Amino acid sequence: MTTPAPASPDQSPAPHASDVSPRTLAVSAGRPPRAPGGALNPPVVLTSTFVSQGAPTAGEHLYGRIGTPAWEPFEEALAALERTDHVATGRRTDGPPATVFASGMAAIDAALSLVPLGGRVVVPRHAYQVTLVLLREQAERGLLRVDAVDVADTDAVVAAVRGTGDDAPAALLWLESPTNPMLEVADVAALVAAAHDVGALVVVDSTFATPLVQRPLALGADVVVHSVTKYLAGHSDVVLGATVTDDPALHARLVAHRTTHGAIAGPFEVWLALRGLRTLALRVERAQANAGELARRLAAHPGVAEVRYPGLPGDPGHARAAAQMDGFGAIIGLRPAGGAAAADALVAAVALWVPATSLGGVESTLERRRRFATESPTVPEDLVRLSVGVEDVEDLWRDLDAALAAAVPSAG
């Protein structure tokens with residue numbers, strides 16, 4: 001038996017992705033090779049073109065729109081975080097290919113490009129509003145057909161995917177779980193199985209959950225979409241998106257879409273996103289803990305008519321979320337007593353919370369979602385979406401409690 005040679009002192013290996021937890025991977029993945037005097041962090045590569053001659057070879061860098069080493073460390077790290085469970089799916093356990101885009105919507109547009117012309121897309125009736133806007137625009141142009149469903153109603157989603165009457169089976173099932181902004185939870189594994197039974201692809205927008213809370217590829221999904229702008233980057237200072245898939249053919253199509261349509265990310269923005277990713281576990285754990293405590297207090301507050309948070313035992317999505325997620329996220333849906341006027345008054349009365357759209361930053365933000373005309377009409381007018389950050393939970397509570405008292409005086 002031959003004894004393996006010791007690792008060279010000039011370059012020690014990084015831990016294998018399957019040997020460590022996702023919390024560790026967020027810190028360790030996407031690092032340069034270890035070498036004495038080498039950089040701990042990848043460099044920011046600022047070049048639009050690369051030296052090249054003759055017939056290009058596979059993997060050769062040619063031009064910044066086609067590919068650049070500026071993207072690769074972040075893509076490697078995200079891929080490692082979304083790695084799949086080969087026992088459950090028969091797929092690879094190392095990180096599947098990730099593709100970074102100029103924005104979350106660019107990633108969503110690329111994923112929708114997988115739908116054949118005229119194909120039918122089944123989508124949650126409550127989902128990111130700009131996703132729904134894009135789907136409507138594409139349907140109006142005859143590029144695809146759209147059926148919106150209550151994603152928490154598994155039987156209804158399965159029926160829509162299979163098609164009825166003259167409807168052919170769906171070409172793509174689009175999922176959000178939990179949904180934006182209603183926080184409904186889908187039975188992802190069951191819906192993936194039903195979609196695959198009819199040959200449909202499944203894309204899951206997992207922005208709310210992050211790979212630390214839910215890994216849809218391990219549940220059988222074909223593509224995961226992230227708005228990197230939100231939790232992955234985590235500091236409200238970049239706009240980026242990403243797709244992840246363990247299907248090489250789908251990955252090639254997504255990369256080709258990025259290359260041809262030019263929805264490319266800037267090198268410095270991707271570097272910032274990777275830097276933000278290093279603290280993802282700390283931020284998610286703190287924000288989730290804060291959200292759970294705030295949701296419990298809000299559910300008992302006399303100025304609150306309804307709270308949606310999958311971590312509450314009485315929430316309609318609680319059992320399903322507990323079964324398929326590693327946490328409950330840090331987004332809360334709140335309906336104050338007093339309707340939309342009270343919701344607007346609540347948003348205006350906070351001092352520490354920031355009235356703002358978007359979510360997933362270190363700071364806590366809130367907004368009444370129906371202030372957007374394009375929001376789904378079945379979202380209640382008075383729904384306030386809270387994105388809970390990493391501040392001290394007692395400070396967040398005092399500010400929210402005081403704002404509720406101002407917005408709903410009868411509850412004082």
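All values derive from a computational prediction rather than experimental measurement.
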Asks: Please step through salt bridge (charged side-chain N to carboxylate O under 4.0 Å, His left out) for the pair E367 and R371, ending with a clear verdict.
Replies: CA-CA 8 Å; E367 70 172 344; R371 72 192 182 101; 2.8 Å; yes
Asks: With T260, which residues qualify under side chain to side chain donor-acceptor pair (under 3.5 Å), at least two apart?
Replies: none
Asks: Looking at R136 and E140, does any basic side-chain N land under 4.0 Å from a carboxylate oxygen?
Replies: no
Asks: With sequence neighbours left out, what residues match R275 under salt bridge (charged side-chain N to carboxylate O under 4.0 Å, His left out)?
Replies: none
Asks: Restricting to salt bridge (charged side-chain N to carboxylate O under 4.0 Å, His left out), what partner residues turn up for D326, sequence neighbours left out?
Replies: R215
Asks: Please list all pairs passing the side-chain hydrogen bond (donor to acceptor under 3.5 Å, both in side chains) test where one or both residues lie in residues 328-342, with sequence neighbours left out.
Replies: E306-R335, R335-D382
Asks: Donor-acceptor pair, distance only, cut-off 3.5 Å: does the side chain of R370 make one with the backbone of P377?
Replies: yes
Asks: Got a sec, which residues hit salt bridge (charged side-chain N to carboxylate O under 4.0 Å, His left out) with R65, two or more places apart in sequence or on another chain?
Replies: none
Asks: Determine whether R398 and D395 satisfy the following criterion, salt bridge (charged side-chain N to carboxylate O under 4.0 Å, His left out), listing intermediate values before the conclusion.
Replies: CA-CA 5 Å; R398 279 192 294 270; D395 292 331; 2.4 Å; yes
Asks: Residues two or more places apart in sequence or in another chain: which of them pass side chain to side chain donor-acceptor pair (under 3.5 Å) with N41?
Replies: R31
Asks: For D315, check salt bridge (charged side-chain N to carboxylate O under 4.0 Å, His left out) against everything at least two apart and list the hits.
Replies: R308
Asks: Taking ring pair (Phe, Tyr, Trp, His ring centres under 6.0 Å) as the test, write out the residues that go with H235, two or more places apart.
Replies: none
Asks: Considering residues at least two apart in sequence or located in another chain, which fulfil the side chain to side chain donor-acceptor pair (under 3.5 Å) criterion with R125?
Replies: none
Asks: Any non-hydrogen side-chain atom of D399 less than 4.5 Å from a side-chain atom of L396?
Replies: no
Asks: Check this for me: does any side-chain nitrogen of one of E285 and R283 sit under 4.0 Å from a carboxylate oxygen of the other?
Replies: no
Asks: For residues D205 and T207, is any side-chain donor paired with an opposing acceptor at under 3.5 Å?
Replies: yes
Asks: Between the side chains of R369 and E381, is the shortest nitrogen-to-carboxylate-oxygen separation below 4.0 Å, so that they form an ion pair?
Replies: no
Asks: Does anything in residues 169-180 pair up under side-chain hydrogen bond (donor to acceptor under 3.5 Å, both in side chains), and if so which pairs, sequence neighbours excluded?
Replies: T179-E184, N180-R385
Asks: My understanding is that only residues two or more places apart in sequence, or in another chain, count here; which of them pass side-chain contact (heavy atoms from CB on, under 4.5 Å) with R253?
Replies: L114, L250
Asks: What residues, two or more places apart in sequence or in another chain, satisfy ring pair (Phe, Tyr, Trp, His ring centres under 6.0 Å) together with F328?
Replies: H318
